[in-house]
Q: 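Got a structure for you, questions after.
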Number of protein chains: 2
Amino acid sequence: MSRKSIQRDAILQVIKNTTSHPGVDWIYDEVRKEIPNISLGTVYRNLRLLAQAGEIRELDIPGSAKRFDGDTSNHRHLICEKCGRIFDLYEAVDPKIEARIFQKTGFKVKRQYLKLIGLCSDCQKQEEQLKTYIYDNSLIKGGEK
Amino acid sequence: MSRKSIQRDAILQVIKNTTSHPGVDWIYDEVRKEIPNISLGTVYRNLRLLAQAGEIRELDIPGSAKRFDGDTSNHRHLICEKCGRIFDLYEAVDPKIEARIFQKTGFKVKRQYLKLIGLCSDCQKQEEQLKTYIYDNSLIKGGEK
DNA sequence: TTAAGTAATAGTAACCGTTACTATTATTAT
DNA sequence: ATAATAATAGTAACGGTTACTATTACTTAA
Ligand SMILES: [Mn+2]
Ligand SMILES: [Mn+2]
Ligand SMILES: [Zn+2]
Ligand SMILES: [Zn+2]
């Protein structure tokens, strides 16, 4: 990834300017507003390059297409199984588990992927016409789809 | 899944008789030793049916094809990024996290997927010609590929 | 400031895992 | 046995992604 390219910059901007964990198609559509004849292949290639360079993060959502995250900080994701939105969770993972596993099994854990599937508060309300829970917005952000 | 079928039984047996978390191709090859003209489509369809019925579990491994697990007990997986083998980890996940997230964010967690990527002890030894660690075999099983 | 060298691109074909379709066969209930 | 229909084998189609190829655009050094 040595040379500059307008296309790669535009792709990066699109991802950095959303908190919605977009998929390739959405990114493609957005970037075409700037560069109408950009190739889908170019989008894929640069997404891979940007992820390899650590400028974005690639998410894997069970049974669905790739999604990307412009927020490369250490955080986890809450995936709503109803609306499909992905929320950020800024809560640390148990750090002791890696040492414990290594001591007990000899397996050296390098990365933990904790994915939490469930229902966002919007979908809970919608699903059952029930009580609303108070929650703290400062811990999660994003999820605008 | 009302009627019996020789094909489905054979597929289930293949999965139940290994601890290697096989993929579709391996299952297909194995079951063809019994039923040489079984269709790949039949394998896929029955894997889905068996997973829906809770008789097997479908794993999703980041960036690779589906794998299946005949062990439906509550356990997690250690995935070796070098040899690709998948080991079972019988260690409970932090149960408090779900309540904590719900209280703080309103998100109702239904399922936790904790995937631990790293190096198995074999691959560590192989990678660096270094000391061998003692580990407890009773906590993990499988991984024969 | 050209020219050479070569990343990066647009456009498109190919790929791979999976699902859908269709005519035929096997299982079940009467 | 017969009828109803679930399941199958074989194959086509699909969706997401990667690979290929000719062209374009940076970059460096005469
Ligand atoms: Mn995120
Ligand atoms: Mn397992
Ligand atoms: Zn939701
Ligand atoms: Zn290994």
Side-chain angles (χ1 to χ4, degrees), chain A residues 1-15 20-69 79 84 86 115 145, chain B residues 1-15 20-69 79 84 86 115 145:
Chain A
M1 196 164 80
S2 44
R3 294 186 185 173
K4 297 248 156 187
S5 102
I6 292 160
Q7 289 84 350
R8 180 159 49 240
D9 288 349
I11 291 164
L12 183 57
Q13 280 322 106
V14 163
I15 296 167
S20 70
H21 309 87
V24 175
D25 290 349
W26 186 90
I27 295 165
Y28 183 44
D29 287 346
E30 284 300 304
V31 92
R32 265 193 299 184
K33 293 175 183 169
E34 298 288 316
I35 307 168
N37 71 326
I38 192 172
S39 167
L40 182 57
T42 297
V43 174
Y44 271 105
R45 179 167 25 79
N46 282 300
L47 287 172
R48 196 177 7 177
L49 291 170
L50 289 166
Q52 282 170 357
E55 303 206 56
I56 63 175
R57 198 142 289 171
E58 181 183 326
L59 311 180
D60 77 292
I61 311 303
S64 90
K66 284 176 183 171
R67 291 199 183 209
F68 294 86
D69 197 339
I79 302 166
I86 300 174
K115 244 173 306 192
K145 176 129 192 177
Chain B
M1 195 164 81
S2 43
R3 294 185 186 176
K4 297 247 156 190
S5 101
I6 292 160
Q7 289 84 348
R8 181 158 50 240
D9 288 348
I11 291 164
L12 183 58
Q13 281 320 106
V14 163
I15 296 167
S20 70
H21 308 87
V24 175
D25 290 348
W26 187 89
I27 295 165
Y28 183 44
D29 287 345
E30 284 300 305
V31 91
R32 263 193 301 183
K33 292 174 183 170
E34 298 288 316
I35 308 168
N37 70 328
I38 192 172
S39 167
L40 181 58
T42 296
V43 175
Y44 271 105
R45 178 167 25 78
N46 282 300
L47 287 172
R48 196 176 8 177
L49 291 170
L50 290 166
Q52 281 169 359
E55 303 205 55
I56 62 174
R57 199 141 287 171
E58 181 183 326
L59 312 180
D60 75 294
I61 311 303
S64 91
K66 284 176 182 171
R67 291 198 182 211
F68 294 86
D69 196 341
I79 302 165
I86 300 174
K115 246 174 304 192
K145 176 129 192 180

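A note on names: the letters A, B, ... follow the listed sequences, proteins ahead of strands, and every chain is numbered from 1.
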Q: Under a 3.5 Å distance rule, please check whether Lys115(B) uses its side chain to pair with a backbone N or O of Asp60(B) as donor and acceptor.
A: yes

Q: Mind calculating the distance between CZ (Arg45(B)) and P (dT19(C)) to the nearest angstrom?
A: 12 Å

Q: How long is the gap from OH on Tyr44(B) to CD1 on Ile11(B), to the nearest 0.5 Å?
A: 12.0 Å

Q: Figure out the OH/C1' separation between Tyr28(A) and dT9(C), and round it to whole Å.
A: 13 Å

Q: Among residues at least two apart in sequence or on other chains, which ones pass side-chain contact (heavy atoms from CB on, under 4.5 Å) with Thr42(B)?
A: Gln7(B), Ile38(B), Ser39(B), Arg45(B), Asn46(B)

Q: Which whole-number value in Å describes the distance from Gln52(A) CD to dT18(D) C1'?
A: 13 Å

Q: Do Arg8(A) side-chain atoms and Leu50(A) backbone N/O form a donor-acceptor pair below 3.5 Å?
A: no

Q: Counting neighbours of CD1 on Ile6(B) that are heavy atoms of other residues, nucleotides or ligands and sit closer than 6.0 Å, is the number greater than 12?
A: no

Q: What N/O pairs connect the protein and nucleotides 10-12 of chain D at under 3.5 Å? Give each pair on its own line.
A:
residue	atom	partner	partner atom	Å
dG10(D)	OP2	Asn37(B)	O	3.3
dG10(D)	N7	Ser39(B)	OG	3.0

Q: Going through the checks in order, is the side chain to side chain contact (heavy atoms under 4.5 Å, CB included) test met by Asn37(B) and Ile35(B)?
A: CA-CA 6 Å; Asn37(B) 70 328; Ile35(B) 308 168; 3.8 Å; yes

Q: Look at Gln7(A) and dA10(C) and indicate whether a side-chain polar atom (N or O) is within less than 4.0 Å of OP1 or OP2.
A: yes

Q: So how far is it from Ile86(B) CD1 to Leu59(B) CG, rounded to the nearest 0.5 Å?
A: 5.5 Å

Q: Rounded to whole Å, please give me the gap between CZ in Arg8(B) and C1' in dT28(C).
A: 13 Å

Q: Is the backbone of His21(A) close enough, under 3.5 Å, to the side chain of Arg67(A) for a donor and an acceptor to pair up by distance?
A: yes

Q: Counting only heavy atoms not in Glu34(B) (residues, nucleotides, ligands), do more than 12 fall under 6.0 Å from its CD?
A: no

Q: Send over the distance from Lys66(A) NZ to dG17(C) C1', rounded to a whole Å.
A: 14 Å

Q: Nearest to the side chain of Tyr44(A) - dA7(D), dT18(D), dT19(C)?
A: dT18(D)

Q: Nearest whole angstrom, please: distance from the C1' of dT18(C) to the CG of Asn46(B).
A: 15 Å

Q: For the pair made of CG in Leu47(B) and P in dT8(D), what is the distance, rounded to whole Å?
A: 11 Å

Q: Roughly how many Å is it from CG in Leu49(A) to C1' in dA7(C), rounded to a whole number?
A: 11 Å

Q: Assign a letter to each nucleotide of nucleotides 22-30 of chain D from its 5' end: B, base within under 4.0 Å of a protein heavy atom; S, sugar-phosphate only; -, no contact.
A: ---BBS---

